[in-house]
J.: 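Below you will find the structure I want to go over with you.
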Amino acid sequence: MANTLVVGMQWGDEGKGKKIDQESEKHDVIVRYQGGGNAGHTVVIEDKKYALHLIPSGILRADKLNIIGHNVVIDPEEFAKEVEGLRSRGVEVSSRNLLVSHRAHMTLLYHKRLDVAREAFKRKKGKQIGTTGRGIGSTYVDKYNREGIRVFKLNNMDELAKKVEENLEITNFLLEHYSDKPLSLDEVMTGLIKNRELLLDFSHNDIGRVILERDGKVLGESAQGTLLDVDEGTYPFVTPSNPTIGGFYTGTGVYINFKKVHGILKAYTTRVGEGPFPTELEDETGERLRQRGHEFGTTTGRPRRCGWQDLAIARYAIRVNGINEISLTKLDVLDAEKSIKVCVGYNINGQKADYFPAEQMENCEPIYESLKGWEQDISGIRSWQDLPKNAKSYVSFIEQFLDVPVKQIGVGARRDQTIDRA
Ligand code: IMP
């Protein structure tokens, strides 16, 4: 067994949930290290669908330890709902199998209100990010402004209330500026008081030690994807955390070596929210991918923008994360395509580029290679040999271009709908 990290190679929603679920069987501890309730991992087990937002997917397997690291921002109300939702479906969720770093910051009611009000304000000027409205950005802003409130503060509710009151002075000023109603201390505290005990039950003061004790058996679970990374992604149209490998280290406070860095690459590309997307298809092909791939957000239900595979982006994700193997997901969604395009670089203002630029992404005109489609249902296929020739050529093209092996191919949402390659 070796430590493994699973990371998204696009703008999130690559289908990480399924791989993380499979890998969790082979590891003892599963660590979610960044993001918050903006994420949504869907895991399908025996036709039962579980949508997880904060809790690592390892919770669905018996005898696994799940850890929420301190770069995750936790909304106590959402956390409680998720715990209770899982429990009501017979899944064990206790401090035996789930720990939350007491250093993690909490998303409070005012963070959510600020996120939504600020987006509405910016939308009037056509400048919105298209956030999930879960208060993620405002929680991280408070964290970096050194105004955040961490989980361990729940041990001292008087101090916590004082801090909330202090923060409300600024927050209410902003809310009123954005033409939203101010919040009272009581409104903010109600949810915290209600969920305090539940969250404290899981709170742990040294998750780093727990992880080191299990070095070699650790699975890192990233949320979102490389292109949404606040430093490496399509800033400012990003999420305010580090889904890339670096986020694991700041989110846990320990160094462990990842022998396997497994990148998840969807057979085509999607993104939700605003921002550049060079291979986007705003035609019936894009609509077909959306319908066939059920491309609607797990967290917000928003239709996802769809487009062709972009290998310039994938190559960048490999470099950023040190990815040494890939899962190509949702290949079956391309079953209906006669011809499939793959972006291998860009024309930027008349100049060829084979890299992903930090600026001018909106000016990137994709350079495509066209491959023949296979035009048959592959959802029942379970071995590489049985895949149609053109599907194999598509996978091999990606593999050769990226120079990283495609170890697994997804042909459907269920756990068993995968093709493993040696
Ligand atoms: P935020 O994370 O809610 O601040 O949203 C910032 C951007 O990241 C928006 O474009 C969101 O749609 C996007 N985003 C956040 N979480 C996810 C995710 O889990 N999958 C895909 N996009 C996401």
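Not measured: the values here are computed from a predicted model. Just so it is clear, the values below take in all heavy atoms, side chains as well, and ignore hydrogens, waters and symmetry mates. Both ligands and their constituent atoms are indexed starting at 1 by order of listing.
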J.: Closest non-hydrogen protein atom to atom 11 (C) of ligand 1, residue and atom name please, with distance?
T.: G130 O, 3.6 Å
J.: If I apply the N/O under 3.5 Å rule, does N38 come out as touching ligand 1?
T.: yes
J.: Measure the distance from atom 16 (N) of ligand 1 to every protein heavy atom, then report the residue, atom name and distance (to 0.1 Å) of the closest one.
T.: Q224 NE2, 3.1 Å
J.: Nearest protein heavy-atom contact for atom 2 (O) of ligand 1: which residue, which atom, what distance?
T.: T239 OG1, 2.6 Å
J.: Taking the non-hydrogen atoms of R134, is any one of them nearer than 4.0 angstrom to ligand 1?
T.: no
J.: Flag the pair R292 and E337 as a salt bridge only when some basic side-chain nitrogen lies within less than 4.0 angstrom of an acidic carboxylate oxygen.
T.: no
J.: Could you tell me which atoms of ligand 1, counted from 1 in the order shown, lie closer than 4.0 angstrom to a heavy atom of A39?
T.: 19 (O)
J.: Should S379 and D332 be marked as a side chain to side chain donor-acceptor pair (under 3.5 Å) after you check the CA-CA gap, both sets of side-chain angles, and the distance that decides it?
T.: CA-CA 6 Å; S379 63; D332 58 304; 5.9 Å; no
J.: Quick test of your reading of the model: are R290 and E287 salt-bridged, counting only N-O distances below 4.0 Å?
T.: yes
J.: Heavy-atom contact under 4.0 Å between D115 and ligand 1?
T.: no
J.: Contact between ligand 1 and W11 is defined here as a heavy atom of the residue under 4.0 Å from a ligand atom; is it met?
T.: yes
J.: What protein heavy atom sits nearest atom 14 (N) of ligand 1, and how far off is it?
T.: L228 CD1, 3.8 Å
J.: Determine the interplanar angle of the Y394 and W374 rings, folded into 0 to 90°, and report it as parallel if under 30°, tilted if 30 to 60°, perpendicular if over 60°.
T.: tilted
J.: Indicate yes or no: does E78 engage K81 in a salt bridge with an N to O separation below 4.0 Å.
T.: yes
J.: So which heavy atom in the protein is nearest atom 10 (O) of ligand 1, and how far is it from that ligand atom?
T.: V272 O, 3.1 Å
J.: In terms of ring plane angle, is the pair F258 and F248 parallel, tilted or perpendicular, where the classes change at 30° and 60°?
T.: perpendicular
J.: Of the protein's non-hydrogen atoms, which lies at the shortest distance from atom 12 (O) of ligand 1, and what is that distance?
T.: R302 NH2, 3.0 Å
J.: Suppose we measure from atom 6 (C) of ligand 1 to each protein heavy atom; which comes out shortest, and what is that distance?
T.: V238 O, 3.3 Å
J.: What orientation do F79 and F202 show, parallel under 30°, tilted 30 to 60°, or perpendicular over 60°?
T.: perpendicular
J.: Which residue holds the protein heavy atom closest to atom 21 (C) of ligand 1, what is that atom called, and what is the gap in Å?
T.: D13 OD2, 3.0 Å
J.: Which of these passes side-chain hydrogen bond (donor to acceptor under 3.5 Å, both in side chains) with Y268: E295, Q309, Q10?
T.: E295
J.: Quick one: which of T171, N172, N167 gives a side-chain hydrogen bond (donor to acceptor under 3.5 Å, both in side chains) with Y110?
T.: N167
J.: Suppose I only count heavy atoms of I129 and a 4.0 Å limit; which atoms of ligand 1 are within that range?
T.: 10 (O)
J.: Given H111 and D142, is the side chain to side chain donor-acceptor pair (under 3.5 Å) satisfied, shown in steps?
T.: CA-CA 9 Å; H111 293 121; D142 270 4; 2.8 Å; yes
J.: Check P240 against ligand 1 and report side chain, backbone, both or neither, counting heavy atoms closer than 4.0 Å.
T.: side chain
